[in-house]
Each structure stands twice: as C-alpha cells, then as structure tokens.
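Report on the structure given below.
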Amino acid sequence: MTDGDFDASDFADFDSNDFGSDYTAPKPDKPERPGPSLPFSVDGVDLQTPPGFVGEIADWIDGQCRYKRRNLSVATAIVSVGNIGGLRHVDARDGVTANMMAFCVAASATGKEAVQQAMAELHRAAGLGGAMQGAIKSEQEIMRNLIEHQPAFYLVDEVGILLGKIRNAQKKGGAAYLEGVFGSIMSAYSKASTHLLLGGDIKRELRKIYGSALARAKDDGDAPTIARAERMLGMIDNGLERPFLSLVGFTTPSTFDGIMDGETATQGFVGRSIIVTEKDINPEARAGFKRLPLSDGLQHQLAALYNGGTFDVMQRGSARIEHYGDMTDVETAPDADQMLLDVATWLHGYADDMGEHTGEASVAMIRRSYEMIAKISFILGIPGGVRTADHVRWAFAYVKHEIDAKIALVFANDNAKDRPEESIAARLMSFIDPEKGCTIAVLANRIRMKPAAILPILQKMKASGMVDEVTKGRKWKGKPVTVWVPV
C-alpha cells in the first residue's frame, strides 16, 4: 500500500470487540533505534512514579480512583504541589515559577471526576480552597479572580469543548471574546514572578473599593487591613504583584484529539501545557475499592508547603490568599545544574532533527519543553529545598515522553491528506494502550477504518520496530486472538 491508496470503502463504523480488560500484554524486547543520543541515561525511570513527596501525592490521588488513572494522578500531583508550594518558593537557578498548565485526557465514565475532586481536596487541606476556580467565563472574571486572591487555580471540566469553540472561532471568525480569554490567561500565567498590569476600568473601580476600605480601617485602627488596602492601592498603578495562575483541564479524546493541529499546538496556551492521556478506554474496577483518607501527615506537609515550613491553621481564615514576604530559595545541586545545561543543548539538536521530519510545529513544541522540564524539576525539589539530579532526570524523561506523544498527534492531524499512511501510523500509536495492547478490531473502531485497510500499515510499523503483534493465548471464533503492543 502506498500513500493515497485509500478510498471511502476503507472507512467504516465498527463495534469494538472487548476481549477482556484483565489482560496485560507481554512487552517484547525493545530494539535499538537510530536517533540523537539522550543527554544522560534515563534507564529505570518510572514515569508513573515521581520521586519524593510528589510521588506520595500521586499515590494518594490514584487511591481516590475506582479505576486506575495513574497518568492523570501524576500530572495533577505535579500541578497541585506546584500550586501549594509555589507562592513561597523560588527557583534560585533559573527563576522559573511553579505554576503549570495541564490537559488530562481520558474516555468518558473512566474516572476523571475522581481525580478532579482529589485535586480540590488537596488544595482545601493546604488552606487554598478559596483560590480554586471551576470555570473560565471571561477575561474580566480572570482579572477579578486574581484581584480577590493572589493565586487562581483553575480546575475545568470538559475543557476540550471550550478549546474547540476557540479553534472554530479562529478558523471561521467571530467569538473574539474567547480569544481574549486565553490571551488573558497566558498574560497572567507568564507574570508569576513580576507584575500584571490592569486596565483603566478595573483601576478606577479598585481605587474606590480599597480607598474606602483604607478609610474605614484607619477609623477602626485595624492595622492588618490598613496594610492590605495600602498594598492593593499600590498595585493599581504598578500592576498585580506576582499573580499565580495555573490550569488543569479535563476532557475526552473525542473532543480533544481532533483540535491538536500545528496551529493550536504552537500557540502559547496549549504549547506550554503538558498533555497526558489515559489510553485504556475500558479500565477494570479495583476489587474492594475504598477511597484512601488524606492522612494527618500529608495534610500537615501540604499546609507546611504553603505556610513556609509551619502548619498554621490561622492562615486559612485570611480574607485574601496571598504571600508577598520573603521567598524560600530552592537550590540546584551541581550535578543537576550540569544536567540542565546538557538538556538545553540536546533540545536544540532534537528540535533540528524533528523539524526535518515532522515540520515547524515540532520545533516550537520542543523549544518550549525546557521551561516545562525546569518547572517540573523545580516542583519536585520544593519539598526538600534542593533540585537534585534525580529530579532533573525524571522531569526530562517525563517531558520527553509527553512531547513525543504531542508531536505524533499533531503530525497525524496536519498530514492526514498529504501523508495519509504516516498520519494513520501516528494515530494508531496514540491509541495503543502500553499495558494492555490493542486488538485490530478496537483500532479499526477507534480510527474508523476497516481492519483490512490498517493491517498493512501495522505490518510496516512492526517491520520498523514501532509495534509488535502478540498472541493472547485465547481464541475468538476459533482463531487465536492477538493484540498490537508498542515496542
């Protein structure tokens, strides 16, 4: 089969045949592949187990889920620890901030809600519940949220629908307010270490509000309120000091995968986010499932991260969640410092290599990946106060895996017409569950093509060392059942 040998008869709707969710496919030996050498070894790195305290939080989040949602648990653990520790800790090496953006993609009815609720409980335990936001409505509301509290932690369900509306608005025109929303998000997101300027209408409104508050506080002799009102009045002209905006969006593959083209991926909002996907669309329920309670030890650690090393429940009663005092430095160990230098050099070469094969969008995504590696390794180092070599190694392996998956999805969408066979191969790889594998019937159903049309592509992928075909050891209609697994 060559590029362009597809016609309408190759595409159809199929009912998937589920051959059992309790099966774990054997993993064949991984052959050596050509390509640029990594800057350092990542052998033994478990992407589902972050080192240190973040790993403990990922375990707890996963323990709230009736179905195994480990990829989502890891991503939300990273963002949660970054949110909770980010107001009081600073990266002494690069000055990166701990606010992150992430998209969590999983099929409907597979446990996204449990992950979302677990993340919310972690923030409440740390005393940050008031800064959580569940929806994105307008750019004015975004600014008001950041005025009310220094941080704004967005946990947004069905964010793929919103992204789709923005994508259509960009292509067809109209709904300019949606583009303004994400412009405001990106503006605030990138100002976490500096100031966010305010518009004239908001300035005038704030002068009235805090001018009156200051006058009342002086009459009452309320020193804390006087200090807060004077600080807010000072921010009117100088801008909001160190606004801390993060976002985790939950969505399904059907509403998200199709909008991930080159234009979307290279824009700041998606391009500077991590995207994690649960490929198992039919996860098995855990036997005797019971949610893990949040232990007193974890609650104290979370609160101490926010309160600068002490567990102070009085902080929770503050009218405005904020911290403008001294920051705690997170240092970088010498070997970790050298590894980050090596990562920056390697990413430049990797961008050149991938740009030749997959286009300009890949270059933009890879160039932005250093910031994500620096942020994640910084977050891993916050609980202990030092970014170590293990933190850099894990963050690099994690972001490299995420970037490669993102590039494959973008390539599949951008090249569906010009390079159909390669596009289909990339899409097939995005569907194959690394633990359970995937039957050709399920792949045909998900990609909406006939098995006979995708079988030659799978065979070429096998010859290239991308996938392997493994027999399940049971039969379906008298024939041995096989699954395709990534190599």
Side-chain angles (χ1 to χ4, degrees), residues 79 82-83 86-87 90-91 94-103 128 131-156 159 162-167 169-170 174-207 209-210 231-249 259 263-275 320-324 327 364-365 367-372 374-375 378-379:
V79 178
N83 288 349
L87 292 183
V90 63
D91 173 24
D94 288 326
V96 297
T97 53
N99 56 328
M100 296 282 297
M101 295 190 294
F103 293 101
L128 293 167
M132 290 187 298
Q133 310 294 337
I136 302 172
K137 294 181 180 178
S138 68
E139 53 185 311
Q140 291 81 10
E141 184 196 44
I142 292 168
M143 292 301 175
R144 293 182 188 282
N145 289 338
L146 291 169
I147 291 168
E148 183 178 10
H149 298 294
Q150 182 186 1
F153 309 130
Y154 283 90
L155 281 69
V156 182
V159 73
L162 184 60
L163 288 173
K165 290 180 180 178
I166 294 173
R167 191 73 185 92
Q170 291 172 334
Y177 75 95
L178 290 174
E179 297 185 40
V181 164
F182 286 98
S184 295
I185 287 177
M186 288 311 304
S187 179
Y189 175 79
S190 61
K191 303 296 192 304
S193 61
T194 179
H195 292 78
L196 176 64
L197 297 179
L198 300 173
D201 289 342
I202 292 179
K203 285 182 179 181
R204 286 184 282 273
E205 183 178 349
L206 289 179
R207 283 195 181 96
I209 293 172
Y210 288 103
R231 184 168 58 250
M232 293 304 297
L233 285 168
M235 289 186 194
I236 292 174
D237 289 326
N238 296 328
L240 296 177
E241 184 180 354
R242 300 204 309 263
F244 192 101
L245 185 148
S246 70
L247 182 144
V248 175
I259 64 173
E263 185 176 349
T264 301
T266 54
Q267 292 172 345
F269 184 67
V270 176
R272 297 175 74 175
S273 304
I274 57 173
I275 300 173
R320 186 174 193 264
I321 295 172
E322 60 182 18
H323 176 72
Y324 296 112
M327 303 285 283
M365 287 185 284
R367 289 184 64 84
R368 285 197 173 103
S369 65
Y370 178 83
E371 180 187 31
M372 290 188 284
K375 278 178 173 282
F378 167 48
I379 292 169

As an exercise, state the distance from CG of L128 to CZ of F244, rounded to the nearest 0.5 Å.
9.5 Å
Nearest 0.5 Å, what's the CG-CD distance between L87 and Q150?
5.0 Å
Heavy-atom distance under 4.5 Å between the side chains of [X] and [Y], does that happen here?
X: V156; Y: V248; value: no
X: M235; Y: H195; value: no
X: L245; Y: I142; value: yes
X: Y154; Y: N145; value: yes
X: Q133; Y: F153; value: no
X: V181; Y: E141; value: no

If we check side-chain contact (heavy atoms from CB on, under 4.5 Å) with S193, which of these qualifies: T97, V96, V90?
T97
Candidates I274, L247, V79 - the one meeting side-chain contact (heavy atoms from CB on, under 4.5 Å) with M101:
L247
Please assess Q140 against I202 for the test side-chain contact (heavy atoms from CB on, under 4.5 Å), listing each intermediate value before the final yes or no.
CA-CA 9 Å; Q140 291 81 10; I202 292 179; 5.7 Å; no
Show your working on side-chain contact (heavy atoms from CB on, under 4.5 Å) between K191 and Y189 and close with a plain yes or no.
CA-CA 6 Å; K191 303 296 192 304; Y189 175 79; over 6 Å; no
Spell out, as yes or no, whether a donor-acceptor pair under 3.5 Å connects the side chain of H149 to the backbone of I321.
yes
Distance-only, no hydrogens or angles: does the S190 side chain make a donor-acceptor pair with backbone N or O of S187 under 3.5 Å?
yes
Residues R272, K375; criterion side-chain contact (heavy atoms from CB on, under 4.5 Å); working and verdict
CA-CA 11 Å; R272 297 175 74 175; K375 278 178 173 282; 5.7 Å; no
R144 and E205 ion-paired at < 4.0 Å
yes
